Amino acid sequence: MKVDLTTNIGSLKFKNPVLTASGTFGYGLLMNEIFEISELGGIITKSITLSKREGNPVPRIAETACGILNSIGLENKGIDNFFSEILPEIRKLKTNIIASIAGETEHEYGSLAERLDKYVNAFEVNISCPNVKKGGMSFGQDLTSTKRVVKKVREKTSLPLIVKLTPNVTKVEDFGKMSEDNGANAISLVNTYKGLSIDVKRRKSKLGGFTGGLSGPAIKPLALYAVWKIARNVNIPVIGCGGISDFTDAIEFFMAGASLIEVGSATFRDPDASLSILEGIRNFLETEGIKNIKEIIGVIDEN
Amino acid sequence: MKVDLTTNIGSLKFKNPVLTASGTFGYGLLMNEIFEISELGGIITKSITLSKREGNPVPRIAETACGILNSIGLENKGIDNFFSEILPEIRKLKTNIIASIAGETEHEYGSLAERLDKYVNAFEVNISCPNVKKGGMSFGQDLTSTKRVVKKVREKTSLPLIVKLTPNVTKVEDFGKMSEDNGANAISLVNTYKGLSIDVKRRKSKLGGFTGGLSGPAIKPLALYAVWKIARNVNIPVIGCGGISDFTDAIEFFMAGASLIEVGSATFRDPDASLSILEGIRNFLETEGIKNIKEIIGVIDEN
Amino acid sequence: MNKIRDYYSTVVNNTLIDNNIYLLEMFLPGFNGMAEPGQFVMIKVNETYDPFLRRPYSILECSKEKMKFLIKIVGKGSKMIAHKKMNDKFNILGPLGVGFRVNSNRYPVLVAGGMGIAPLWFLAKRLNSQKKKFSIIYGERSASPLGDKIKKTFKKKVLLVTDDGSRGLKSTATGALSAFLDNITYKKIVLFSCGPPGMLKEITNFGIKRKIPVSISLEERMGCGIGVCLGCSVKRKNTDGFLTVCKDGPVFRAEEVSI
Amino acid sequence: MNKIRDYYSTVVNNTLIDNNIYLLEMFLPGFNGMAEPGQFVMIKVNETYDPFLRRPYSILECSKEKMKFLIKIVGKGSKMIAHKKMNDKFNILGPLGVGFRVNSNRYPVLVAGGMGIAPLWFLAKRLNSQKKKFSIIYGERSASPLGDKIKKTFKKKVLLVTDDGSRGLKSTATGALSAFLDNITYKKIVLFSCGPPGMLKEITNFGIKRKIPVSISLEERMGCGIGVCLGCSVKRKNTDGFLTVCKDGPVFRAEEVSI
Ligand SMILES: Cc1cc2nc3c(=O)[nH]c(=O)nc-3n(C[C@H](O)[C@H](O)[C@H](O)COP(=O)(O)OP(=O)(O)OC[C@H]3O[C@@H](n4cnc5c(N)ncnc54)[C@H](O)[C@@H]3O)c2cc1C
Ligand SMILES: Cc1cc2nc3c(=O)[nH]c(=O)nc-3n(C[C@H](O)[C@H](O)[C@H](O)COP(=O)(O)OP(=O)(O)OC[C@H]3O[C@@H](n4cnc5c(N)ncnc54)[C@H](O)[C@@H]3O)c2cc1C
Ligand SMILES: Cc1cc2nc3c(=O)[nH]c(=O)nc-3n(C[C@H](O)[C@H](O)[C@H](O)COP(=O)(O)O)c2cc1C
Ligand SMILES: Cc1cc2nc3c(=O)[nH]c(=O)nc-3n(C[C@H](O)[C@H](O)[C@H](O)COP(=O)(O)O)c2cc1C
Ligand code: FES
Ligand code: FES
């Protein structure tokens with residue numbers, strides 16, 4: 001049996017619903033040395049900012065029970081470097097390239113979208129990074145700011161626009177709705193949960209940036225709940241992310257209402273995790289006799 | 001060296017800062033068959049409601065990576081049964097008894113406090129249960145409701161009043177402040193994080209109550225962050241809770257600003273976890289040459 | 001009752017006795033050997049926090065400083081326990097719960113389905129040691145090495161039935177029960193049963209119809225195993241309120257609980 | 001460069017060689033034996049998610065289908081790796097990063113502190129097999145079996161120093177370096193170093209002052225080990241921007257990075 005895994009966001013077609021999460025896959029170039037990443041539905045770049053960013057002091061990674069706290073702080077070489085060094089290379093990859101963009105003001109988001117407009121396949125608007133002092137999650141925790149950023153990016157591009165939400169809010173569904181109402185073509189969630197871990201001997205945070213964002217299996221049940229909530233509240237595709245480490249995790253997200261998924265931290269544990277998850281999804285559907293992945297999207301609901 | 005572990009909430013003295021979290025220790029009576037619970041600083045009862053509650057359908061427990069999702073739904077036999085069956089027994093325990101109370105309206109909270117007023121040592125006001133349709137977390141996610149409940153309970157009792165917060169909000173510190181401003185003598189947090197887990201074969205939630213609350217090591221970094229945030233924003237003691245499973249975890253919470261801690265799910269893994277944690281704390285302080293636990297409370301701050 | 005203790009235990013032997021089923025023999029220093037058939041333990045799977053919770057297992061046999069268990073692999077935790085090797089060590093909390101009470105002068109018929117044999121095996125051993133007469137009806141999907149083992153251990157006392165007729169009667173355990181009772185000489189019967197939920201329902205209804213007392217051993221997802229989390233509630237029958245499978249059970253008289 | 005692969009590997013031998021330090025020998029089916037001294041691997045600690053991340057370890061020695069590591073217990077992950085038994089299996093991702101480049105005609109002096117010996121051990125073995133002359137200065141807190149082992153393996157090439165003077169010079173490795181260089185006949189020297197951050201700083205400064213090229217191997221907390229998470233950034237020296245320890249390193253020329 002051949003299983004249909006294709007899906008769409010706006011006009012953009014994905015050969016399958018497995019993407020890699022921003023910041024966990026570089027720009028795909030290094031990964032392509034390890035496995036054939038054109039097998040994937042798409043890759044989402046490390047978040048790009050206008051100017052280059054140094055990021056936070058090390059240590060930037062601390063492990064917690066079944067999870068990872070990170071405080072990278074959006075280190076990246078900025079958009080000019082992206083154009084000169086990275087874009088020429090990643091355009092050769094035979095998969096969808098989604099540019100993650102992050103600004104400190106709505107105008108920065110606008111400029112990023114404007115400049116990148118013709119060069120990538122879609123945007124993921126990161127209004128949810130918990131590791132920066134300006135911008136980031138502070139946009140995603142405020143409905144008005146969310147609206148302003150989404151509107152601004154929408155003005156500047158006609159490419160599919162994905163808004164990446166933070167779960168660190170009381171009602172994530174309101175942010176999904178607000179994004180949809182202002183022109184988003186899809187919602188992705190979750191970005192990391194704000195967290196802290198202390199080295200009791202040194203009496204200091206285990207992270208150079210003090211607080212961090214929690215990812216990995218630990219957050220999966222929380223992310224799954226957030227995705228389920230959003231999926232019932234918007235009419236655009238939802239991209240599920242958060243702790244997805246094997247194909248069963250992915251299936252859970254589809255059943256909760258996600259049309260696509262992003263594999264994040266799992267890549268750190270197994271570089272080809274996204275590929276194994278894709279194969280696992282295909283296998284599961286075949287075994288269960290499901291011809292089209294759409295048949296399982298959002299199938300579960302309150303008992 | 002003798003280490004001073006004593007601490008206070010309002011006028012109430014605790015011989016040490018280790019409490020057991022509501023709903024994870026019953027009423028202490030069964031536990032007392034396993035170890036001498038009078039060693040502990042205090043126990044917090046399973047949340048008591050006015051009428052008896054049946055709770056949610058089984059299964060009520062689902063395991064996730066390093067965590068537990070529960071949807072007990074505040075099953076308890078109600079306040080009358082508490083008076084007739086439980087109170088006479090637990091009053092014999094030589095430790096502080098803190099009654100956790102939960103209502104569906106602010107008046108129910110008021111009545112519970114009024115009726116229990118002389119019979120326990122303190123109240124923990126549960127406005128943070130994610131597993132009930134009415135009341136619970138919906139109070140704790142709304143500043144006005146939080147205020148109304150805290151005010152009402154304050155009117156009815158002069159006992160130390162602890163408000164137990166939910167972390168499922170954008171700015172938990174606002175809820176801490178609101179509670180303090182309306183008469184709380186301490187803040188405890190966190191209650192569980194709302195989550196979901198799906199059985200992909202059966203295409204159903206793994207829980208009879210559909211969603212659940214996540215506890216255990218998985219949430220520790222999130223809880224620690226919330227405690228740190230609150231401790232900087234209120235002038236009353238903070239009681240830290242969330243994934244504390246060994247003494248190092250407890251020390252992390254003290255360093256983040258908690259004056260006391262609650263041991264929850266760890267009891268399921270090791271019935272005497274609270275006692276081992278207490279011993280571990282004492283040992284750590286001795287080894288580090290710290291005479292009074294207050295010396296480490298809130299010692300860490302942004303790098 | 002026996003005090004609940006947490007025994008740091010050592011694997012003495014672990015043998016694959018059937019497809020995915022292991023017979024695990026443990027050494028529990030300090031354990032006095034006292035437990036009732038139907039009681040269980042909570043096994044701490046490992047030292048890290050994944051999985052975090054212990055797993056409940058019926059005591060299959062026990063004696064001074066020894067316990068045996070039947071472990072079937074159904075998921076992550078059971079797999080990790082099943083794969084423990086000689087001299088591996090882990091904690092066992094127990095004995096827990098309330099077991100079978102056999103104080104009547106009725107003839108015991110033990111009805112087990114699949115892994116439901118574990119607590120009834122212990123009961124059968126106990127009855128044997130008390131030189132009491134009894135019968136076991138063991139139902140399984142298909143003839144298996146576990147069935148062989150039961151037959152070899154309790155010999156003529158055992159009636160094997162299979163869903164697919166590959167051995168003995170082609171029937172479910174409950175289906176075979178009626179004819180079985182008609183063919184034995186004992187008239188005052190008591191039924192002890194453990195197995196899948198559907199089977200326990202059938203046995204309960206059978207008991208009501210035939211006015212035969214029934215004790216059933218239930219399973220439920222457990223948090224604590226000691227009655228403090230209320231994760232394993234089961235509804236009372238004919239009156240409101242709940243009981244916990246771990247503390248008030250796992251063995252109940254069929255008329256106590258609504259399943 | 002060698003393709004990075006994830007080898008499902010088997011423990012061939014694991015021996016406690018010093019207090020808390022194990023020598024772990026692994027069988028890596030399909031591994032062609034090619035790696036550079038200074039390269040490392042990421043070891044998957046176990047199959048459950050606690051711990052979730054792999055742990056980085058320098059390659060101590062390698063050959064076709066074989067690798068050896070020195071594992072010091074410092075926390076949860078290293079403890080679990082150190083306690084692996086013969087025939088246990090786990091994944092090893094590698095070889096990773098950039099190792100030591102020894103293409104000059106300068107005389108190599110290897111300066112190691114504590115566990116920093118691991119990558120330099122591999123380098124020394126490589127130099128030996130290339131019949132090149134070199135020296136090792138090994139500094140440790142106190143005379144240890146690991147020091148013995150280094151001495152026994154590389155014999156006269158080794159100068160042992162201890163912080164407490166319990167064996168050899170009472171000095172740090174860097175402290176001994178100056179006198180050592182004055183007393184050897186080679187004038188064109190290259191330094192290779194790995195050890196605690198303080199030592200690497202001293203060596204770097206020493207190299208600048210004496211105009212001796214220095215290569216250092218860095219350690220940093222790692223997420224991925226393959227350059228995609230930016231967890232292990234290290235600042236560039238004299239120019240802005242960052243390098244990753246895992247992909248651009250772990251070995252750097254001292255003038256490349258600001259430590
Ligand atoms: C009182 C009692 C006695 C038991 N005695 C035995 C015994 O003697 N031998 C034996 O092999 N098994 C026994 N079980 C069942 C055993 O506890 C479960 O198989 C085990 O906990 C599964 O853990 P897991 O991590 O492998 O499964 P998971 O990966 O957690 O889940 C896999 C499947 O197992 C089922 N399951 C998981 N946990 C439980 C649980 N606590 N109770 C019931 N079903 C569960 C789930 O429905 C799920 O479909 C007993 C259970 C109880 C409650
Ligand atoms: C490139 C590289 C090569 C290494 N080679 C070796 C080697 O050959 N032999 C050896 O014994 N060790 C080596 N290490 C260090 C080893 O990776 C750590 O000791 C190990 O990861 C600790 O894991 P844990 O779970 O036991 O420690 P944790 O419980 O996570 O932490 C315990 C302590 O170890 C330190 N630590 C933890 N992880 C790292 C890390 N990734 N890098 C540096 N320090 C860490 C922490 O600061 C902490 O204080 C190397 C590290 C790197 C980066
Ligand atoms: C090291 C690291 C770096 C990250 N960087 C970014 C980033 O630059 N932009 C972004 O939108 N999300 C970033 N994230 C968040 C992930 O894309 C993802 O949303 C999150 O990790 C949850 O998914 P996971 O649990 O599968 O990792 C980063 C996460 C990690 C662990
Ligand atoms: C099974 C279970 C039942 C609980 N019942 C209650 C309750 O009745 N009232 C309450 O305030 N919190 C209840 N909680 C929340 C705990 O008190 C605690 O806040 C939470 O579990 C986080 O701590 P932990 O990670 O240490 O378990 C319950 C938690 C669990 C796991
Ligand atoms: S498992 Fe906790 S009450 Fe039964
Ligand atoms: S560890 Fe991920 S970039 Fe180096």
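Chain letters run A, B, ... following the sequence lines, proteins first and then strands; every chain starts at 1. The structure displayed is predicted, hence computed values, not measured ones.
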Exercise. For B:S245, is it the side chain, the backbone, both, or neither that has a heavy atom closer than 4.5 Å to a heavy atom of chain C?
Worked result: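 Both parts, heavy atoms under 4.5 Å.
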
Exercise. What part of B:I34 is in contact with chain C, defined as an atom under 4.5 angstrom from a non-hydrogen atom: side chain, backbone, both or neither?
Worked result: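 Contact with chain C is through both the backbone and side chain of B:I34.
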
So, taking the atom named [atom1] in [X] and the one named [atom2] in [Y], what distance separates them when rounded to the nearest 0.5 Å?
X: C:I226; Y: B:L30; atom1: CD1; atom2: CG; answer: 7.5 Å
X: B:L74; Y: C:L230; atom1: CG; atom2: CG; answer: 10.0 Å
X: C:F52; Y: B:S215; atom1: CZ; atom2: OG; answer: 7.5 Å
X: B:I61; Y: C:C232; atom1: CD1; atom2: SG; answer: 8.5 Å
X: B:F35; Y: C:I4; atom1: CZ; atom2: CD1; answer: 12.5 Å
X: C:R221; Y: B:L207; atom1: CZ; atom2: CG; answer: 9.5 Å

Is the [atom1] atom of [X] crowded by more than 12 outside heavy atoms at less than 6.0 Å?
X: C:R101; atom1: CZ; answer: yes
X: C:K72; atom1: NZ; answer: no
X: C:K237; atom1: NZ; answer: yes
X: B:K194; atom1: NZ; answer: yes

If I compare all heavy atoms of [X] with all of [Y], which pair ends up nearest, and what's the gap?
X: B:E33; Y: C:K247; answer: OE1-NZ, 3.6 Å
X: B:R269; Y: C:P51; answer: NH1-O, 3.5 Å
X: C:G223; Y: B:F268; answer: O-CB, 3.6 Å
X: B:C66; Y: C:D50; answer: SG-CB, 3.9 Å

Is chain B contacted by the side chain of [X], its backbone, both, or neither, given a heavy-atom distance below 4.5 Å?
X: C:M222; value: backbone
X: C:R55; value: side chain
X: C:K235; value: side chain

For this session: Could you tell me whether C:E220 and B:R60 make a salt bridge, using a distance below 4.0 angstrom between a side-chain N and a carboxylate O?
Result: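 Salt bridge flag = no for B:R60 with C:E220.
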
[Y] and [X], any side-chain heavy atoms less than 4.5 Å apart:
X: C:L93; Y: B:P271; answer: yes
X: B:K46; Y: C:V228; answer: no
X: B:D270; Y: C:K44; answer: yes

